[in-house]
S.K.: 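Sharing a structure below in structure tokens format, with a few things to ask.
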Amino acid sequence: MSTVFEQKVIRLPKPNYSYIKSSEKAKEILNTLSNYKVLEIDTETTGLDPYTSKVSLLQIGTSNKAYIFDMRSDTEFSDISWDLFKPILTSANILKLLQNAVFDMKMIKVHGGYYIKNIYDTMLVEQLFQLGLNMRGADLESLVYKYLRITIDKEPRNTFSDYYQKFEPFQLEYAANDVLVLNMIRNLQIPKIIEDELKDVCRLEFEFTKPMCEMELNGICFDINKHRNILCEIEAEKEKYKKIVESKLNFTKNQITLFDISLINIDSNAQLLEALNKYGLSIPNTDIKTLSKYKDLPIIDELLNYRRAQKFISTYGENLIAKIHSITNRLHTEFRQMVSTGRMSSSNPNLQNIPKKQIYRGCFVSKFDYNLITADMSSCEVRILANLSADPLFLHCYKNNIDIHTKTASEIFGIPMGKIKKTDRDAAKALNFGIFYGLTNIGLAIRLGINEDKAQEIINAYFKKYKGVKRYLDKSAKEAVIKRFSKSISGRRRYYPFPELGHPDFNRIKMGVERQAKNMGIQGSNADVLKQGMIYLVDRLEKFRSDAKLLLVVHDEAVVECHKSDRYEVAKIVEQSIIDGFADYFDLVPMETQALIGPCWLKNSCGNKISDKDCDGTEFIFDSDSKLQCIKCGNKI
Ligand SMILES: [Zn+2]
């Protein structure tokens, strides 16, 4: 029966608020509010999409009183315009507290025309407290319960969809409470921010809300016809491979049909497994992971090609087209500002999973008379490893412009630099990129097609030469087990849930943590430098006289849209912002980047072989057949 008491709902007291509908009264109140150092901000809207929803109410709180402004100046209810709030909302001297600031910022940007500046986001702080842990959410309900031990009733939230309603007291009380709790929560979060040294990463994430808004609001043009043509080709390919695989497996069935219709249904895992077993391949299941081990067998390679085509069509086929926004006519992805490493994730649609081939990227285009600038942070993870480990060999290479993979191959295989074969360099590259992902001898053996003992020898040789790297990785693993978190360069923490000592899985979990910890410093710092770079970029694009805009950040790449006449200047701004974002955190090895300019989302510089040299062309156009063409050498890709 004790649960009855535990679940007893303690509600917030009736809030002190005033409801303002005239601009005269609003001006008077704003005059007073402009003297505050900290204000709480929230909005009530008719929906979630800033382009199709409207803002009904804007709430501004002062800890003990909420001012609810009716923003429906296009109705009989109010004559208050957004311009009145601009001085306060954009002021660098007044800190604005918000829960999930990106939401309100996008709404006010679309309807008011400006971004809220100088924010503190209670949700982002809570996410920083929980990275890696599977704890309660960071929504307002959870925060109010966690910090204030109060259960709030979020039911009234759903009563704001009607724009033309007369608001009832229960709605206004709800709107008031939504802001009045924010300062209490912040006051209780601050000691932990200070104790855990999260001030810088908080600042970084707060400032990054603006690039987040920009990307989600701007979206990107998508060439539907081109996409459909690709889909047709993939569909044909899918059918081709389906036929091949089926014809190879059909003998495993006893009868052949009269009309040459396949008897094997390769989409049925049970049937496929049985047929493959009869074919002579004894495998436990037909998962991609299992099949991939046998990809050297033609039938498995064909089966994998079939599966890939099928996956692309189901994930990105017509679905992608359906996501084009009815008002902007562009594709807008939704980002999550941080996952456990601090990196972003994208969904609805997930643009981080679009295959990295130029043909798919060619569908993401600029608007008429504009260009897309694509810039990638070059081998960002290795550069971060070089900085974090301060390994003398790495530093030497970067300082003297020596190709790091060739040098690594030379060191571990004991071959002079000039005599390194491509396969040796590839092995070295696999190590340089994989060593902090916990690359094992087994993994390296599979990748290089050598035996496991040989692979272990190579790894041993690597660590013998790169003592600084080894020291860094070992230290990261050890510290994570002791402290139960890893830290990025900005101080971002990624926590590891540990079971009790003596738990049967303790060692297995500990090893998992050690592996993750070797990677976390690099991944987390990667997120830090990228986010700082994007903060600079959005800021500088805003100051630049043109209408250039950040559209996307996908992995380590940024995509910007600008008028053709601005392309060279904007390309420089993009490059410099990325470099500066990195330099804010690392000073041993700098970042390098090369912006690509063209009519679509680009992957690489030209790379066309001209008399034994690769073309370094970075600017492209669509020719009359809408094929990409390098303007330097004329090569079509
Ligand atoms: Zn070229």
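Every heavy atom of this structure was used, including side-chain atoms; hydrogens, water molecules and symmetry mates were not. Values in this document were obtained by computation on a predicted structure and should not be read as measured data. When a ligand or atom number is given, it counts from 1 through the structure's own listing order.
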S.K.: Kindly state each residue pair satisfying ring-ring contact (aromatic ring centres under 6.0 Å, His included) with at least one member in residues 396-417, sequence neighbours excluded.
M.R.: H405-F433

S.K.: Quick check, are the ring centers of Y360 and F312 under 6.0 angstrom apart?
M.R.: yes

S.K.: Examine K470 relative to F463 and say whether NZ or CZ is less than 6.0 Å from the centre of the six-membered ring and inside a 45° cone about the ring axis.
M.R.: yes

S.K.: Is Q337 reaching over with its side chain to a backbone N or O of L124, donor-acceptor style, under 3.5 angstrom?
M.R.: no

S.K.: Can you classify the ring geometry of Y466 versus F394 as parallel (below 30°), tilted (30 to 60°) or perpendicular (above 60°)?
M.R.: tilted

S.K.: I'd like to know if D223 and R228 make a salt bridge, using a cut-off of under 4.0 Å between side-chain N and carboxylate O.
M.R.: no

S.K.: What is the number of protein N/O/S atoms located under 2.8 Å from the Zn ion (ligand 1)?
M.R.: 4

